[in-house]
Amino acid sequence: MNSIVATLVSGILLGSLYALMASGLSVVWTTLGVFNFAHGALMMIGAYAAWTVSEGMGLGLLPGILAGVATAALCGIVIEYLLIRPFYGTRHMLLVTVMTTLAALIILEKGAQLIWGAKLKQLPRLVTGDVSIFGATISWHEAIIILLAPIVLLLLWRFTAMTNRGRSLRAVGQNQDAAALIGIDVPYAFAIAFGLAAALAGLTGALLGSIRFITPVMGSEPLVKAMIVVIFGGLGSLGATAGAAYVIGLLEAFLILWIGLYWTPFALFLLMIAVLIFRPNGLFGRA
Amino acid sequence: DVVKIGVLAPVTGKQAADGEDMVRGAKLAVEDLNKAGGVNGDTFEVVVGDIGDASADAVATAAERLLGDKAVGAIVTGYASTTNFEIEMMAEQEMVYLIAGNSAQTAGIISPNPENFGTVWSLTPSYDGYNTEIVPAIDKLVADGQLKLPNKKVAMIASDNPYSKGIAEGMTKAFEAAGWQITQNDLLPFGEINDWRAFLAKVHQDPPALLINTDYVSANAATFMTQFMENPTNSLVFIQYAPSVPEFLTLTKEKSSGVVYNLLGGVLPREASPRADELLKKYEAAYGNEPGSYGIMLYEEVMIYADALKTVGDPAKRAEIGAAIGKTDKVTAVGRVMFDPKTHLSVQDNDHVPIQFYQILDGKRIMFYPPQYKTGDFKQPSWMK
Amino acid sequence: MSEPILKTSRVSKSFGGLKAIRDVSFEVAPGEIFGIAGPNGSGKSTLFNIITGIPFGPNAGEVWFKGKRIDGQPAFKIARMGLSRTFQKDAEFPDLSARETLAVSAVFCGGLDRRQAAERSEEAFALVAFAPHRRDMASAGLSVFEKKQLMIASALVSKPDILMLDEPASGLTKPEIQALDTLLRNVNAAGVTILLIEHVLTLLMSVSQRLLILNQGQQLAEGEPRAVMRQPDVIEAYLGKRTQ
Amino acid sequence: MTSSLRRFAPLLALALLLVVPFLATDSYTRHLFIIAFIYAIVAANWNLSLGYCGVFNFGHLTFFGVGVYTAAIAAKTFGITPWLAIPLGGITAAGAAFLIAAPVARLKGIYVVLVTFAVSQLAMQLVLSQSQITGGGEGMVRIPFLQLGDYSFIRDFKFGYYYVALGLLVLSTLFLRFVVQSPFGKALLAVRDAQDYSTARGISVSRQRILVLVLSAIFTGIAGGFYAIYLRVASPEVFGFGTMSLVLSMVLLGGVGTLYGPIAAALALTFLTEALAGIQGFEEARFIVVAVVMVLILRLAPGGLVSLLDRLRPSRPAS
Amino acid sequence: MTALLSVEGISAGYGAITVLRDLTLHVGRNESIGLFGPNGHGKTTLLRTISGLLRASAGRIHFDGADISRQRPATIVNAGLVHSPQANTMFGDMAIAETLELAAFAPRARAGAKQRMEQVLTLFPRLAERRKQLARTLSGGERQMLSIGCALMCDPRLLMLDEPTLGLSPRLKEELAEAVGAIARSGVPLIVVEQDVEFLLALTQRLYMIEHGAVSREIDRNDGLDHGQVMQLYFGQGGEA
Ligand SMILES: Nc1ncnc2c1ncn2[C@@H]1O[C@H](COP(=O)(O)OP(=O)(O)OP(=O)(O)O)[C@@H](O)[C@H]1O
Ligand SMILES: Nc1ncnc2c1ncn2[C@@H]1O[C@H](COP(=O)(O)OP(=O)(O)OP(=O)(O)O)[C@@H](O)[C@H]1O
Ligand SMILES: [Mg+2]
Ligand SMILES: [Mg+2]
């Protein structure tokens, strides 16, 4: 009983983290049709920027998180401008942007190592202390993440699905010319979409920086997870991404309980292949 | 002439922190040698071969580059590949190669034909000590009344890599032979582990007297310790290697007070070894931070080479230098180094390179075993009843 | 009427709640030009889709071709049996030249070897009057009309029994439509049965020997073109007041 | 004139490569060529599925890894002569590709990325967990090396290995040339660009995709086998992300859907990174430089390196 | 009175390919014009250049007195110059209702968007039936309706239609002609590119024939040419009638 509750809680925590990691990736994918391999690196930049302001300059954690979000957003906009924009509409755009975002990943990772060195860093937590939920202990910081994730997702969903500004981001991804001809400023929309996604990455990174360690390569595992979540959910919508994040989080937690940490990735991958064979458009994807 | 010292190190990639230590250690040694006027008139220079993510071709390419440089007299490393396969390349070209990596692999490659590996020597002693010595060390603590254990159960978790897994298997045998009961024996995939709670939950169901984690990655170990402390069981926590990395302390802070670890071929505590104290001070003066083991070990490797070069004279006679290294008998920061001709590993016992048991107490490392180096006493961790 | 070369019996296709095709049965005789018309969204293209299995077959009903039941067969096999179609939205293989497009089609659809394929390609090019000096450039650079010619030629190169054309005249100028008219007659004269979806009435009325009108997925009328077009319900649903 | 240059450029390049070992007598330079040749084979064959057929196969390095372990196990565990162990890698890799291809053939676009990526992770897990066969994380070392009669391929400063690697590259290139110039190869482009239209022309999209995966695996697996025999080691890093992105960059830089592009890019990238690696204190920065160069090439020559050659020709008259 | 739109000596093309060469034309404030000519001779390219999707390499374009030749499409749309492109596939993964709402994106189009939506849905009842259907699953004609509907949602002051009847049934063509005619009469001039002569003649007062990227002939229907003569000219382009 107790272990079921503990597993549930840790599954939901994992799901919340995955949702945060994947939402930005999903925004860029569903709007611009770009698979951003630098997404994890943007998380890392967010974490380092937060660390520099919070610990390096001693200005405190909240200003740090803000700095992390802002820095990542800025990096995102620069990446979009230099590495993505020139390739919109070219023949092999998907592949070429895979490469340019991989290049961005390399530049950010190696650059971070040059700036901050290879040693691990960590941010303090938003709130210290632990909290017990039906007998399962997690830190307050993690509890806050569990609460925060759905809020962020909801706001993001409202924005992209319900507002014209948000829809315009999707429109430019699907048909630039048509978008321009109904009065959408295409370059601006691209910048907004990418900046928004990068800001989300920055926030995620700053939050992760307190429960994991900040290293130049800290983004690679979240990137893989985000990628799995986004594709597994089905590429159609943010809702699908969120759903997949929690499904995978819970699944992972219970698999760990049942078959142990060692075989969990194995089982998870196998399961995903199976799901995609039977639902070729992802778990929640539309046919 | 200038003799180049090649350093094979992960300067970029996941292990870059280790790589940085290695390069700095070697550089420090070279500076010292040059300041003293070199050896027989030869001065030294460091060249780095970055092995990046340690894939076989990256290691081979870096090694080839160093090997191809005629001015390179010796290559030193902490570790390069996960398999140590580059040893073969070094032996083929009679390159002097000093390594401080996984000694089980090293011995595996060398011991079938030690005569073919005349230039390859390992500062790390045999890992057998990791497997066996923990049982007598714990027994002694209990016998001395410093540690009270609730039962004779042990829970183990290891990461799926040769080092962790090998040690965990060895320990399991040793504990079973001593009549302990193994309650958990889990294996994790190698890599980043962010959530140990599932394993800890299982530990809670049957709390053991001893909880052993052989995952040596310091970030993983730090997470493990933090999550263990969220809801500790009445168990002594032993973590392999990781607590010796300076970062572990900064990351875990007060949460790690009480944890035990051991080291084979590690740098001795400065209180116990004047040599270690001297080198650590030197390193800190040069780089402003305390190095991990590799910073000091690479320094010593370069010095061992320099000594051998001094006796042989000509840096081109690498086979002879290799033979000279094999005859080393030198007090270093890791203990008195002599090499075993059968395995080319340094000799391990309390009078040579010892196994060192430490406990972290209030942010300090206390070495409590072996007695001749001991810097303090073991204390029952605060979370244990 | 002789034994039909193509026959559907009560085929249906629905998308979610929408019944795009409902119980449609018709027969096409060998050698005829069979026109299909109807309001936008009445299911004409969907009918082509379910007959050829690209990209989906019918939910219910049967499709018979040359006396064999073909619904449920893999689409590429249906094509190889001799049922060639084109698409409403122009399709092309942008990196292949016209010659290569025909060669691929001849080898895969017609089961020919390379030499035969080359010969057959010449015939097909000639049939659609494809300009010789444009045959070796990448298809992406062809003009609208040339792309249509190529699409038809590649459908013909495998010597199909039936050629199915989905709005081939859309976007063409009058002279081009005239050329298309001639082309279709030539193809038909060479023994190929043609199914033609078309909104351009001049072409449709000029070449069709029989006409099927679809409305909301159902058969509204079928028969001799001029007679069909005079039916009040056809005028109401499809032609509008003035066009008569 | 220019088109004949285009035809003879590969032959000219081959002639140059044939004399390299006589000009570069040190084992380091030869080693770099050998590694570049191996990657060139892997990249060029990857391009067959990725570039020509549009299958976003992110598990291509799995085929390489299968080749590596096949040759390692065959030569070391079963004592099969390395000369046979290397081609054996091609056979098992093709078999593995066939297994993967069945599920992949049904999927579209980016979904293929996930499944193939997942498969490559599974393969790595499998290698790690079957340690009694594969050596697990420890890998396998001391794999037998090539010998020809009394001539041993080690300690000859890699003279022999150079020609074996070059020979494999030539074979692989001839094979790829044959494939892409056949109607089958043309049909790959058709499937990539217009699936429904291809189906309507009697092409089975899934059969094409399955075949292309299997064909692309053959020489990739052989290259893997050679890699194991040459370096005498098999370790799980071959399945890693780093190797994958390196080879991917070769495909894209060289030019998607071109025959010689990935080969040129493999050589260029290998030597560029190595040239920079020699510079002290530049270890991080060199990756940044390479990344920036990569982006610049992609911007200036969207068709890849080989399209730069085309630029030299007078541009086609506008139609 | 100045022209509403004047295009003076523009040249434009794609990369190294020049399509438009020194093309000049104008649209008055109370007239609609038609463009015709063989395929591939630059009609679409002209509209794309006017709406800012392509940048002219030479020449000037003025709309309502302002030079728009260097403006972004978004600015041009917001000025009321709206272009409904040829064979537009719209936003494949967006539903009809969403797309139409979004189409009133330009600030000037926001006021009265509800009303215009009503108009569009009355003109194309099929769109009202299928509010939730994704654009990529629409039939050819339905897609054309959506595309024109979007242009109308932009509250045009000058409406450019590129082959609007492509794939429409005869009846719908007729209805479209009526509706667009009504829009024109309400004071929104049109530029129509069409292959369907009837449609073109029903809506426009002046015709330009575009050949090889330039105006090869201008036909003013008020100049006393009768219907038959216009038809003659129109088909003169290719030979037979
Ligand atoms: N995949 C789909 N999902 C949902 N509805 C669809 C799908 N495909 C077609 N439809 C609908 O089915 C109906 C029939 O479409 P179809 O394309 O067959 O029309 P059509 O008769 O060819 O029209 P047009 O003359 O405009 O091309 C249309 O209303 C269309 O919106
Ligand atoms: N994106 C492009 N890149 C290169 N050339 C193009 C591009 N788009 C059009 N062209 C070329 O420009 C020329 C003019 O094309 P445009 O579409 O303007 O003609 P059009 O008169 O509208 O023809 P249609 O009646 O077929 O629509 C054609 O030769 C075409 O091949
Ligand atoms: Mg249709
Ligand atoms: Mg046009």
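To find a chain, count down the sequence lines: A is the first, B the second, and so on, and within it residues start at 1.
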Interchain contact, D/Val119 with chain A, by part (heavy-atom threshold 4.5 Å): both
Shortest non-hydrogen pair, D/Ala291 vs A/Ala103, comes out as CB-O, 3.8 Å
Are any of the side-chain heavy atoms of D/Val113 and A/Val98 separated by less than 4.5 Å? no
Is it the side chain or the backbone of D/Leu253 that comes within 4.5 Å of chain A heavy atoms, both, or neither? neither
Per-residue tally against chain A (heavy atom, under 4.5 Å) across D/Ile288, D/Val289, D/Val290 peaks at D/Ile288
Just jot down the side-chain contact (heavy atoms from CB on, under 4.5 Å) partners of A/Ala104, sequence neighbours excluded, or say none. A/Ala38, A/Ile79, A/Leu83
Tell me the closest heavy-atom pair linking D/Arg299 and A/Leu82, and the distance in Å. NH1-O, 3.4 Å
Honestly, the part of D/Leu252 sitting under 4.5 Å from a heavy atom of chain A is side chain
Toward chain A: residues of residues 38-59 of chain D with heavy atoms under 4.5 Å: D/Leu50, D/Phe56, D/Phe58
When heavy-atom pairs shorter than 4.5 Å are enumerated against chain A, which of D/Met294, D/Gln121, D/Arg286 gives the highest number? D/Gln121
The interface call for A/Tyr262 against chain D, heavy-atom contacts under 4.5 Å, is both
Tell me, for A/Ile228 versus chain D, whether the close heavy atoms (under 4.5 Å) come from the side chain, the backbone, both or neither. both
Salt bridge (Lys or Arg N to Asp or Glu O under 4.0 Å) filter on D/Asp193, not counting sequence neighbours, yields A/Arg91
CZ/D/Phe117 to CE/A/Met227 distance, rounded to the nearest 0.5 angstrom? 5.0 Å
Sequence neighbours excluded, which residues qualify as salt bridge (Lys or Arg N to Asp or Glu O under 4.0 Å) partners of D/Lys186? C/Glu100
Which of A/Ile273, A/Ile277, A/Val275 passes side-chain contact (heavy atoms from CB on, under 4.5 Å) with D/Val115? Answer is A/Ile273
Assess whether atom CH2 of A/Trp157 is packed by more than 12 heavy atoms of other residues, nucleotides or ligands within 6.0 Å. no
Looking at D/Phe98, I want to see if its CZ is surrounded by more than 12 non-hydrogen atoms of other residues, nucleotides or ligands under 6.0 Å. no
With a 4.5 angstrom heavy-atom cut-off, could you sort out which part of A/Phe87 is near chain D: side chain, backbone, both or neither? side chain
CZ of A/Arg279 to OH of D/Tyr111, rounded to nearest 0.5 Å, is 9.5 Å
State the CD-CZ distance between D/Gln125 and A/Phe266, to the nearest 0.5 angstrom. 7.0 Å
Looking at D/Leu246, D/Leu248, D/Val295, which one forms a side-chain contact (heavy atoms from CB on, under 4.5 Å) with A/Leu102? D/Leu248
Need one label for A/Leu94: side chain, backbone, both or neither, based on atoms under 4.5 Å from any heavy atom in chain D. side chain
What distance separates A/Phe37 CZ from D/Ser245 OG, expressed to the nearest 0.5 Å? 9.0 Å
